[in-house]
Amino acid sequence: MECLRFAMHENAGEGEEQRKIRQMLITDQLIPLIDSSLKDYKLQNSPFYGHVEETIYSWEKKAENERLGEDVSCIHSTILSGFWESLSNVCVANVDTLDAAEKDLAGVSGLLHILQNPNTCMKVNKKKKAKIRFADEEESAGGSIRPEPPTRDTKSVSRDLENIVSVRNREPTISRLRQEFLEELVCKLAELSMVYISEQGSKRHLKFLAALLRAFCSAKVFQVLVEQSFDEAPTNAELLGQGMVLKNENPAVQFLYRKLTNWLREGSEEDSDFLVDILYSVLVCCSDPLERKSLMDNMTKMDFKWSVFLHIIQKACSDSMKHSLVCDWLTGDVLGDKLISLANDLCASGLRDRATQSESYCSNNWALLSLVLSEHVKNESLIGETYVERIIDQLHSALSKARDLSEAGDVEQSVSFICDVASNFFSSVKGCFLMPSAEDLLLTIFQLCAQTPDTAHLSDSLVLKLEHTWLCGLNSLVCHFDSIPQGSMFLNRSAQWVKNQIQKSQLSVQSLQSLIGAVNNLYCKILEAGSLAVPLLEGHLTLMIPDTEQWQKMRQCLSNQWLSKPLLEGRLSMNSETSGIDLKTFSKNWLPNHLCTTSLLSKMAFQMLERRALFKEKEIATKISVIVAEMLYSMQWCEELERSPAVISEYCDMLRALDITHEEIKESSHHLPAILQLLFERSKESGTLWSLACKKLIHLTNAGQDELKQLIKSTEGYFPMTQGNLNTIQSLSPFLSKEEKEDIVLQCTAKIMSCPPSTVSFIDGGFGNLAVINSCSDPESVSSAEILPAVLKVILAWKNDQEDIFLFSSNLQDVNPNLIGLNIEMIRFFSLLLDNLSSAAASLDEAEWDFLMCSMLSWLETACESVALYHIPLVRLFACTSCNMASHLSAYFQAVTVTKPENLPANLTSEWNEFFSEGVHSLLLPMLVKITGECKASETSHLSPVLQSLGEALCYISNQQLLKHKLPAKFVAGQKTNLPDNIQSLLNTLSPLLLYRERSVQITIYHMLDKIMAHLPAYDNEDLKSYGDEDEEPALSPPAALMSVLAVLEDLVESILQGIPVGEYVIIQPPKDEFCLVLGYLLTWKLILTFFKASSSQLRALYSQYLRKTKNLNKLLCNLFKLMPHNPVLPGQVSDATNKELKTLFTEELHLTVKGFATLQYEIPHLACCVYHITLKDLPAMVRLWWNSREKRIFNVVDQFTTKYVSGVLSSQEITSVQSSTQIFDGMTVKARSATREVVANYSVDDICIELNIKLPINYPLGSIAVESGRRVGVSVQQWRNWMLQLNTYLTHQNGSIMEGLALWKNNVDKRFEGVEDCMICFSVIHGSNYSLPKKACRTCKKKFHSECLYKWFTSSNKSTCPLCRETFF
């Protein structure tokens, strides 16, 4: 273009040749190039049109510049006329066709737009022009040949260059001449476009017309369009029906009503974009603001699509000039009411039926609402603030309804759109919370976020969107705290709503988590505001905190189920009606309101304590102290529950996840010095859980004596005795000094001695003071040795004066709880007294001992008669303490049997053994059978403490008392047994209880049966002669009752361990049913092994054969290697380099106690190791046979584990047993060498002397025992080899110790010397497994054989001939 301008400049003369050159440059160069550019998108977007405009501008300047002379002006006017004519032809040619390409039309409109508004391309042109320097480049071009220009003076050239440069420093308006040319061309093109639009419906031409009108919005153009329109103008009557009257003669307005309104009504959403541009062109032609507002109001009343208004408002927001055209309309009532109607329709239709309208339609409408709410111009709302508030109110109402309707219908889309609108509004509008409706909306969104998705029935994506909207509103709220007036109620209303939720609603754990999460977000955001947030948060937290009456009501609604545990453990004492009420049932799905309230408030309180520097007021610290104290109360309630529902366990897990733990409370207590004092005061006031919570806090904070003395200024403060003072003393007694305890005990003793008969059972009388003595007395102290006997005399006096207060041999059905509580404390006192008698030199006289033992027996009778009332905590506690006293007495007399103290009355021990002990167990044994027979384990969870105390007492029963039991007879049809009826009946009654799914019962039964197991093989020994000779493979079952139980347990354990490979450790967690089943299985095997060990060698062979046939032992061994840990090191040991030998579960003895819960998680592994140890020790041959038959993997697992952990222990025990053996052999001596794991036996008879060396393998007893010969005298080599083989066979295949194998071998050799011939099959006199002599003789050769050897010979050879003579064996 620079070249063209230069050429035109150089040929601006009047000559014909120059005129032809100018015409050629325009018609043959410029116009074709422009025509090409209209079809080339790249040229349209290049600086080319700008260069064209600058060229025209330079010609216009010369045509209008009179200083250049009339000739120059005339020449350039001619140039312009020719150019515009040619350009008009090109433009018309491109527009005047039905198939006009959209890009061609865009090129025409773009060119005309630049010619009309040159400033739109000035920046681009400057950037491009800065790179072009014609004169310099032409002069510096080397070797180029061009025609020389006419010679001109320097001033003329300089002036021309100034004219070219002046283009860049131009005025913003175009010349009149260009305006005329352009307007004429535009009118022509608009007229053409209207023809194609009207006749052909060409959308491309309509879009082109809109582009023309954007730049040329003049009355003349609209007049042409009106004239071209062939439609009848709407009548005033028609317009009046729409609320409008057409009086305006403005052609633009007429065009609007004639054509544009129809296009807007009928056009698509895409058409609305450029049609709205035409509308703005019409508005430009309306100079009066009132006229424009009236026009837009009329448009608003027409039935246009909402997308039209969306485009109108979007363009107004993006262009300040356009906004000025419609600003009055935007803030007017007509649009406001229209938008209110839209909001109402959208919200209502979204809640009714989302299928009535398309998603895109709804999206556009919601986008319109979002736009008018969130856009601001000069810090003012786009529409009237009144209408903004009313729209927000509509959204709030819709969300509220959606929350209620979400379960019944699908409101996802509606809620999603509302979230989009609200988030834009909150993010964009400063000071939005000055509107009450905005606060209402934020509160509703907060409420939705505080509900679980399941409760609100919202999808995860919508929940995330709600949370985003909530955070947007929260950010806006926090950022503008300073602008929120005092009347703003969001925080107050949200606090009140949360308070109602946690105090009155039914919340699950998930619901509570959602609520805490929403409130926590609120607090975190508010805290970010710094000191400004302090009064707001304090006020918010204060509003959520219940008052004293509300706290009390929520605590009373908590179930009394917690009482059972501290009562039964002796941590609290109660004798009121409350303690007699059965467990309150509470929902298994909803959390108690007290738990909800404390957890939420505690989380917020901890948040505030983290920023404690902001909170300097003592008042807020006091409030937080109350919250933390109530939280401790809730946590203590949960901790005291026995077998709590799953919802409480989930709640405790939630607390840990939220870091609401005792550790957190411990840290917080450092900043809340008043909390300990608060708990202490509440403990003294009410006792119960407050006392336990106070004890917990003292333990957590490790409070020193100084801190406690500040609480307990004097022991006088505990009197008079109340429930609160009683529980406080009981809870704090571990922290009291010895002097304080003695002082309290002395005061209580004095009050007991002076107690009126009428107050004996009251808290401030005998009951309360006796309970304190039981809690604070040290049985080993010297003072107790003086005080306790004195108190006993007072109780004995009560017996003489008020016998009716002692619940002897009675039923507790209608007994006052005060009396039950008093008797419980008396029983506890007697147990305390027995402990004192065991450790001190104190003694009782005969009358006191009789009172003690008779009372115990009478109380036990009462406990047995009241089994039906054990659902009452106080009655259960009565039974437990009665059984505990029986245990204390049994333990005491068991100890004095050994120590035999001199201060006991004569015949006291014999009276106990002959009368009282028998009386105790004759009551307790039937009681155990009755409880377990009437109730399933799943129904007796509340009876566990009774069963534990009952079982502990029964563990002291003697075997004689068991064998002389008086239980009802129980027999099983078809059961083979050699036992007497009473013993068989006992086994049939007790053995099935090993299946009972309560650990205390199983351990109790085990201990009782273990006492008689060693006596049972003797009854099989009497019928031993009936086995062996007649049966080919004789076998004898261990006690049938035990084997029946084992069969059931074996199947159950197999199902539990099914699919677990041998050698892979399985953890069995207590207290699940699986734990009890595995425990019963192992205990049953332990009893069978005890029975096996107590049997003789011959019986053991028969029992072994039975186990081999049934394969019970094989299954046991496989199961053991699933229950034993890979590293059976005893837990709790500290690894010490100096102590290389750590204790293992094989080296340490297992003590199974009824109440032994400390090591419960290690009980199954330890018991499994114990059973494996006994099995290897007493059944080595059977284990060895099983081991050798296993596949390689199991073979190696068993070998490595046994060698590493068991073999050394067993070898050491075997050697030790040989060394300590008292067995004497006639003619044989046995010695052991522990260093080499060897046993040396010397056998001598007459002149024969034999020495045997027996060496244990490293994997004993799995590996074969090596038997080596020492010196031998008087024995042939063949005979010696036979004897060596026999001993090796005995030690390998017999299930017993080395001493038993040597005894068997010696017996065999002795028989040989006595003349008994060997069996010619096994070459031994005594059979290796059943220990029988050769008795089956051949009638032909007269040789004798063992019956079992013959049976194997016949079955293996498939013949019935004698092994020696081959004759038929009869």
Side-chain angles (χ1 to χ4, degrees), residues 564 566-575 579-580 726 730 748 752 760-761 765-777 779 784 788-789 791-799 802-812 815-838 844 848-867 869-870 872-893 916 919-920 923-924 927 945-946 948-950 952-953 956 1155:
S564 181
L567 280 177
L568 293 169
E569 292 177 358
R571 290 182 284 132
L572 293 181
S573 294
M574 297 185 73
N575 69 338
S579 60
L726 169 60
Q730 290 179 316
C748 290
I752 286 177
V760 168
S761 62
F767 164 75
N769 291 288
L770 193 57
V772 171
I773 292 174
N774 290 337
S775 297
C776 295
S777 295
S784 295
L788 299 183
V791 175
L792 176 62
K793 295 183 185 300
V794 174
I795 296 175
L796 191 56
W798 292 347
K799 169 69 171 59
Q802 307 177 70
E803 187 173 358
D804 57 335
I805 68 173
F806 288 82
L807 303 177
F808 290 158
S809 304
S810 59
N811 192 295
L812 301 179
V815 176
N816 192 312
N818 288 352
L819 287 181
I820 300 177
L822 174 63
N823 280 262
I824 288 170
E825 294 306 326
M826 287 193 291
I827 297 170
R828 282 176 171 168
F829 172 78
F830 287 167
S831 299
L832 178 67
L833 180 63
L834 287 170
D835 291 339
N836 179 257
L837 292 174
S838 301
L844 303 178
E848 291 170 336
W849 273 113
D850 283 345
F851 173 58
L852 210 64
M853 293 189 294
C854 290
S855 298
M856 179 270 303
L857 207 54
S858 299
W859 277 321
L860 277 181
E861 290 176 357
T862 300
C864 292
E865 292 178 15
S866 305
V867 172
L869 303 175
Y870 282 177
I872 302 174
L874 266 184
V875 178
R876 286 205 301 278
L877 180 57
F878 179 89
C880 289
T881 51
S882 301
C883 293
N884 290 341
M885 184 180 175
S887 298
H888 277 81
L889 276 168
S890 298
Y892 178 82
F893 283 104
F916 289 104
V920 167
L923 289 172
L924 296 185
M927 181 178 172
V946 177
Q948 291 165 17
S949 298
L950 177 60
E952 189 176 46
Y956 289 99
K1155 294 183 178 180

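When all heavy atoms of Ser775 and Gln730 are compared, the pair lying nearest together is OG-CG, 3.2 Å. Closest approach of Met574 and Leu874 over heavy atoms only: O-CD2, 3.5 Å. Contact detail for Val920 and Ala886: the closest heavy-atom pair is CG1-CB, 4.0 Å. In terms of heavy atoms, Cys864 sits closest to Met927 at SG-SD, 3.4 Å. Closest of all the heavy-atom pairs between Trp849 and Leu889 is CZ3-CD2, 4.2 Å. Here the closest heavy-atom approach between residue Gly768 and residue Leu726 is recorded as O-CD1, 3.7 Å.
With rounding to the nearest 0.5 angstrom, the CD1 atom of Ile824 is 9.0 Å from the CG atom of Leu807. To the nearest 0.5 Å, atom CD of residue Gln802 and atom OG of residue Ser761 are 8.5 Å apart. How far CG of Leu832 is from NE2 of His888: 8.5 Å, rounded to the nearest 0.5 Å. Taking CG of Asn774 as the start and CG of Leu833 as the end, the distance is 10.5 Å to the nearest 0.5 Å. If you take CD1 on Ile827 and OG on Ser882, they are separated by 3.5 Å, rounding to the nearest 0.5 Å. Taking CG of Asn818 as the reference point, atom CD1 of Ile805 lies at 11.5 Å (rounded to 0.5 Å).
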Assess the residue pair Leu837 and Leu834 against the criterion (side-chain contact (heavy atoms from CB on, under 4.5 Å)); give the C-alpha distance rounded to whole Å, side-chain angles, the decisive distance to 0.1 Å, and a yes or no. CA-CA 5 Å; Leu837 292 174; Leu834 287 170; 4.3 Å; yes
Going through the checks in order, is the side-chain contact (heavy atoms from CB on, under 4.5 Å) test met by Ser777 and Leu788? CA-CA 9 Å; Ser777 295; Leu788 299 183; 4.2 Å; yes
If you apply the rule side-chain contact (heavy atoms from CB on, under 4.5 Å), what do you find for Leu869 with Asn811, and how did you get there? CA-CA 9 Å; Leu869 303 175; Asn811 192 295; 3.7 Å; yes
Let me see the working for Leu860 and Met885 under side-chain contact (heavy atoms from CB on, under 4.5 Å), right down to the final yes or no. CA-CA 9 Å; Leu860 277 181; Met885 184 180 175; over 6 Å; no
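Within the 4.5 Å cutoff, the side chain of Leu568 has no heavy atoms near those of the Gln948 side chain. The shortest distance between side-chain heavy atoms of Val867 and Val946 does not fall below 4.5 Å. Counting only heavy atoms from C-beta outward, the side chains of Phe830 and Met856 never approach each other to under 4.5 Å. Here the side chains of Leu924 and Cys883 are in contact, with some heavy-atom distance below 4.5 Å. The side-chain heavy atoms of Ile795 and Phe851, taken from C-beta on, include a pair separated by under 4.5 Å. Counting only heavy atoms from C-beta outward, the side chains of Ile820 and Asn823 never approach each other to under 4.5 Å. With a 4.5 Å cut-off on side-chain heavy atoms, Leu923 and Leu857 count as touching. For the pair Ser573 and Phe767, the minimum side-chain heavy-atom distance is below 4.5 Å.
Listed for the Asn575 side chain is no donor-acceptor partner under 3.5 Å among the backbone atoms of Leu819.
Residue pairs meeting the salt bridge (Lys or Arg N to Asp or Glu O under 4.0 Å) criterion with at least one partner in residues 821-830, sequence neighbours excluded, are Glu825-Arg828.
By the ring-ring contact (aromatic ring centres under 6.0 Å, His included) test, Trp798 pairs with no residue at all, sequence neighbours left out. Judged as a ring-ring contact (aromatic ring centres under 6.0 Å, His included), and not counting sequence neighbours, Tyr956 has no contacts. Scanning for salt bridge (Lys or Arg N to Asp or Glu O under 4.0 Å) contacts around Glu569 gives Arg571, with sequence neighbours left out. Contacts of Thr862 classified as side-chain contact (heavy atoms from CB on, under 4.5 Å), with partners at least two apart in sequence or in another chain: Ser810, Leu812, Ser866, Phe878. Taking Phe806 as the reference, Phe808 meet the ring-ring contact (aromatic ring centres under 6.0 Å, His included) condition, with sequence neighbours excluded.
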